[in-house]
Number of protein chains: 2
Amino acid sequence: MASSNSKTEDSLGEAVYAKMRELLRNGTLAPAERVSEQSLCKLFDVSRTPAREALQRLLSEGFLTTTGGGRMIVATIDIARAEEIYDMREAVECLAARLAAKRAQTADLIELRAILADQEKGQDNETEFLAINDRFHRCIYRISNNRYVQHTAEILRVSAEMIRGETKGRYDYDAWSLDDHRAIYEAIENGDGAAAEEAARQHVRRGRFQRLALLLERTDAPA
Amino acid sequence: MASSNSKTEDSLGEAVYAKMRELLRNGTLAPAERVSEQSLCKLFDVSRTPAREALQRLLSEGFLTTTGGGRMIVATIDIARAEEIYDMREAVECLAARLAAKRAQTADLIELRAILADQEKGQDNETEFLAINDRFHRCIYRISNNRYVQHTAEILRVSAEMIRGETKGRYDYDAWSLDDHRAIYEAIENGDGAAAEEAARQHVRRGRFQRLALLLERTDAPA
DNA sequence: CGAATTTCCAATGTATGCAAAAAGCGTTCT
DNA sequence: AGAACGCTTTTTGCATACATTGGAAATTCG
């Protein structure tokens, strides 16, 4: 038995939730796709109860949308919604960076440096890049030491990634990412909250423009 | 039968969740109090399924804490946690105010004015004051037209209210609230996002100092 | 008398049964 | 041919049964 991959979660519902979030993040579950309790049951070989748990949590966090009756589909990220996500991300990421600058211990700085070093090595594909990117930002959330920041920032990250599901196939690794991360790290190392906040703001905004541009292209020239 | 009070929710789980959140907000459920599925079943006369739904959602939103095994208690808000709540609130409330200033229609302004007028009439007790206060801020969240802001701001509001559960009996209606609200309204009416953000920041910070002061008093002189 | 252990019980995790509502679909009527 | 109607099938909402885990209490030993 056992669930093959993934880290051992204590409860099935939790495990299903985590796996579903990953599927949503990496685009395996495309926007507007239908998701039913039954589909999760078969996909993860669990009963309806844990499946329901995961679905309801994903719904309340905005990853899923309910269509008329209780049926659910993967949330579609149109432009208005993308703007909402990035307005919120800017506020939360800036706060995270500012708090991290105030609170980072030497051990935290070492960890961040290691991630930066990995990023400097260069990545072969989008997946690797996204993984390192995630490590960097999640690390900052953790250093901020604020559970609300962590929780919300994680959700917004995945939500923003879902935009890629709307613009699939585009390789959006960009050089500015490394420079931005360096700037954020420097500010954190210096304990300069204002600078960290500003660097984070720049970083979020660049990502915003890039993602929105992709989304607009697709909207202009659809099927 | 039917559920006596409250607005008609379509699903039992939703209804239980809403009622629980209200009980948490108004302090009926005190911090550190145990909450079990069974207790909700009896309290709202539903089966375990909707009770579980509500509990898990409340848990994931930080209103409840799990103790060792899956048992849950009402989250206790110590000082560190209060600081987390207010750090986050500042970011989110400022964003809400800024967005509201950008987007408010005349109808929105009229609604805000009406609430302000109600507040100017004065309130006899804490409950009335809190209700009007809630209306004002919820209205701004709505005007911001950002579901992430709305969702997170609501959660943070209730979480901050839970601090009152830790400091019960204190009547914390204060004169500055009306002045602050007027300032926020003015900025929104003028479409001045920066001013709205700054007014909101002042407002949140005043609330923060007040609440933290109460919490400190109680911590210094406990049982 | 206090501490450790064992036993019992309560609460949660999971699965499933039942009924109602909704979607899908074919048929029929205009 | 298109639209409207009714039936079937699927899916969800709610309730409950079963098993397992963790805690509390009572008992026993030092």
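These numbers come from a predicted model, not from an experiment. Per chain, numbering begins at 1; letters A, B, ... match sequence-line order.
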Let me see the working for A:D108 and A:R103 under salt bridge (charged side-chain N to carboxylate O under 4.0 Å, His left out), right down to the final yes or no. CA-CA 9 Å; A:D108 300 322; A:R103 291 172 191 169; over 6 Å; no
What is the 5' to 3' range of DNA chain C, first to last nucleotide, that sits under 4.0 Å from any heavy atom of chain A? C:dT14 to C:dA23
Who pairs with B:A196 by side-chain contact (heavy atoms from CB on, under 4.5 Å), at least two apart in sequence or on another chain? B:A97, B:A101, B:A187, B:I188
Less than 3.5 Å apart, any donor N or O on the side chain of A:E61 or B:S60 sitting next to an acceptor on the other? no
Apply salt bridge (charged side-chain N to carboxylate O under 4.0 Å, His left out) to the pair B:E22 and B:K19, showing each step before the final yes or no. CA-CA 5 Å; B:E22 175 57 20; B:K19 289 177 186 168; over 6 Å; no
Contact pattern, 5' to 3', of nucleotides 8-14 of chain D - B, S or - by protein heavy atom under 4.0 Å: ---SBBB
Once the angle between the rings of A:H181 and A:F136 is folded into 0 to 90°, is it parallel (under 30°), tilted (30 to 60°) or perpendicular (over 60°)? parallel
Find out whether the Lys NZ or Arg CZ of A:R57 is both under 6.0 angstrom from the six-membered ring centre of A:Y17 and within 45° of the ring's axis. yes
Is B:R81 salt-bridged to B:E84, going by a charged N under 4.0 Å from an acidic O? no
